[in-house]
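On a predicted model such as this, the values are computed, not experimentally measured, just so you know. Here, residue 1 is the first one in the sequence, and each next residue gets the next number.
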Amino acid sequence: MGRLIISCCITAAVLLAVPLAGFSQRITVNGKPAQLIVRAAGKHSLRITLKPDSYRPDASGNPALAPLQNAVAIRLFTCTKPTRKTLNGFMIWVRPHPLRVSITTVHGQPVQELSFLPDGRLQFRLDDQPVLGMGEGGPRPDAGVNWRNEAVQFDRRGVYDSMQPRWQSGAYGSRNPAPMLLGTKGWAIFVVAPWVQVDLRSKDLGYFISYHPAKTPGVQNQQNQQQNNGKGLPPVRSIVPGLFDLFVFDAHDPAALMKDWSLITGPAAMPPKWALGYMQSHRTLASDTQLQGIVDTFRQKKIPIDAVIYLGTGFTPRGWNKPQPSFE
């Protein structure tokens, strides 16, 4: 029994021109029975999930998403013939061998085409327009290169990105990746699971590659904090082999895309009022008397202050200074 691959044809004519004999097969991922689920998300987006039958999501939900209660529009355990569905202003085609999901608007305007490949990669279409997104920061500068003279990367095409978070002083900010791609020709994809690396080196095709370390990372502590043992990445124990859960957006209207994005991930949290005022940061702390004395000095001089910060965890020259990563 072969694995299922989802293919989307841009038009029905292209789809139906393919012979259908012998296409019946059970959907599988990672060698196990699986199912494909398609639901509406926002007004201009779809949620597509390919998951093992045995996987039961945590009832508490995904912390990256707002609570979503959209009904299932397509659920396939086998793929014996092309399936077509009109949903949320989209025309969706699903067919096997390889399993592809094709998404256009109801007026025939292409949005995206996804293919779940047998080797575990998720393939999607690229075009001749820039791809934005993927979080903060860009590629690590080559050794000896003055990063101040390098162009800031906005268009993500042409590179392979490991999507590895990192702090970096020799660049315009740290790398804080997010698996949200926005194609400026009118599409966007947000991968909820798994954590992925992104390959945009091909001119016409992009690939999401599931993150899975060659070995189980060790626990980070004070002694090995400079090592990269999976910092900022999901723990290995949370990985569900074969699972793909993602959103596809019609981004021809950027404002509509961002509205759907806010509905799916939740509105931006507003900071509390006290966080908007002055904060006094202090690097030494010898005693409770010193702590209270600093605050009293601001009161006596009638200087507004909303927070006092005392640095510790290995950075202070004296006083309270527990080694990182202690929170005692």
Side-chain angles (χ1 to χ4, degrees), residues 1-10 12 15-16 18 20 22-62 64-106 111-118 120-124 179 187-194 196 208 210 239-250 260 263-265:
M1 222 181 270
R3 290 195 180 97
L4 177 65
I5 304 186
I6 302 179
S7 296
C8 322
C9 300
I10 296 302
L15 179 66
L16 296 179
V18 180
L20 303 181
F23 273 21
S24 174
Q25 63 185 109
R26 181 64 164 92
I27 299 176
T28 64
V29 293
N30 202 42
K32 297 182 179 180
Q35 55 187 281
L36 173 71
I37 301 169
V38 180
R39 289 167 281 190
K43 293 183 178 180
H44 304 275
S45 53
L46 301 171
R47 186 175 188 176
I48 300 173
T49 307
L50 182 64
K51 75 177 194 71
D53 288 349
S54 59
Y55 173 62
R56 298 291 183 269
D58 187 341
S60 62
N62 189 308
L65 304 176
L68 302 172
Q69 302 295 331
N70 301 83
V72 173
I74 299 175
R75 187 190 297 272
L76 297 176
F77 297 91
T78 60
C79 200
T80 59
K81 60 183 180 180
T83 299
R84 184 179 70 177
K85 180 76 174 182
T86 301
L87 175 67
N88 230 26
F90 295 103
M91 180 69 73
I92 307 164
W93 285 92
V94 181
R95 70 174 287 272
H97 197 65
L99 183 61
R100 298 178 194 144
V101 179
S102 169
I103 304 166
T104 72
T105 67
V106 291
V111 177
Q112 242 320 326
E113 179 175 281
L114 306 173
S115 296
F116 295 89
L117 303 180
R121 293 179 300 166
L122 174 56
Q123 176 183 288
F124 56 97
W187 59 270
I189 302 175
F190 171 44
V191 180
V192 178
V196 290
F208 293 118
S210 301
I239 295 174
V240 179
L243 171 67
F244 263 104
D245 190 15
L246 63 141
F247 293 85
V248 177
F249 302 81
D250 177 1
D260 271 18
L263 293 173
I264 290 168
T265 60

Discussion item. Could you walk me through whether L243 and V29 satisfy the side chain to side chain contact (heavy atoms under 4.5 Å, CB included) test, starting with their C-alpha distance in whole Å, then the side-chain angles of each, then the deciding distance to 0.1 Å, before giving a yes or no?
Written reply: CA-CA 8 Å; L243 171 67; V29 293; over 6 Å; no
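- Here the two rings, on F190 and F249, have centers that are 6.0 Å apart or farther.
- Nearest heavy atoms, P194 versus S210: CG-OG, 3.4 Å.
- Distance OG1/T83 to CG/L76: 5.0 Å, rounded to 0.5 Å.
- Remark: side-chain polar atoms of R121 are not paired, donor with acceptor, to backbone N or O of P118 under 3.5 angstrom.
- Counting only distance, with no hydrogens or angles, the side chain of N62 and the backbone of A64 share a donor-acceptor pair below 3.5 Å.
- Shortest non-hydrogen contact noted between I264 and S45 is CD1-OG, 3.7 Å.
- The minimum heavy-atom distance between F208 and F244, with the atom names listed, is O-CZ, 4.2 Å.
- For the atom pair CZ (R84) and CD1 (I92), the distance works out to 11.5 Å, reported to the nearest 0.5 Å.
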Donor-acceptor contacts, no H, no angles, side chain residues 66-74, under 3.5 Å, sequence neighbours left out:
unit_1 : atom_1 : unit_2 : atom_2 : d
N70    : ND2    : A40    : O      : 3.1
N70    : ND2    : A41    : O      : 3.2

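- Heavy atoms only, all atoms of each residue included: A34 and R26 are closest at O-NH1, 2.6 Å.
- In this structure, N88 CG and D250 CG are separated by 10.0 Å, a value rounded to the nearest 0.5 Å.
- Between W187 and V111, the shortest heavy-atom distance links the atoms CB-O, 3.2 Å.
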Discussion item. Before you tell me yes or no, could you show the steps for L36 and I48 under side chain to side chain contact (heavy atoms under 4.5 Å, CB included), namely the whole-Å CA-CA distance, both residues' side-chain angles and the distance that decides it to 0.1 Å?
Written reply: CA-CA 7 Å; L36 173 71; I48 300 173; 3.9 Å; yes
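- I27 has its side chain out of reach of Q35: every pair of non-hydrogen atoms, C-beta onward, lies at least 4.5 Å apart.
- Between Y55 and K51, the shortest heavy-atom distance links the atoms O-NZ, 2.9 Å.
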Worksheet entry | Test log, rule side chain to side chain contact (heavy atoms under 4.5 Å, CB included), inputs V196 and L122 | CA-CA 10 Å; V196 290; L122 174 56; over 6 Å; no
Worksheet item: Between F247 and V192, does a side chain to side chain contact (heavy atoms under 4.5 Å, CB included) hold up when you go through it step by step?
Response: CA-CA 8 Å; F247 293 85; V192 178; 3.4 Å; yes
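- Between the CG atom of L87 and the CG atom of L46 there is a distance of 5.5 Å, given to the nearest 0.5 Å.
- In this structure D245 satisfies the side-chain hydrogen bond (donor to acceptor under 3.5 Å, both in side chains) test together with R47, T49, sequence neighbours excluded.
- D260 places a side-chain N or O within donor-acceptor distance of the main-chain N or O of H44, the cut-off being under 3.5 Å.
- Between the CD1 atom in I37 and the CZ atom in F77 there is a gap of 7.5 Å [rounded to 0.5 Å].
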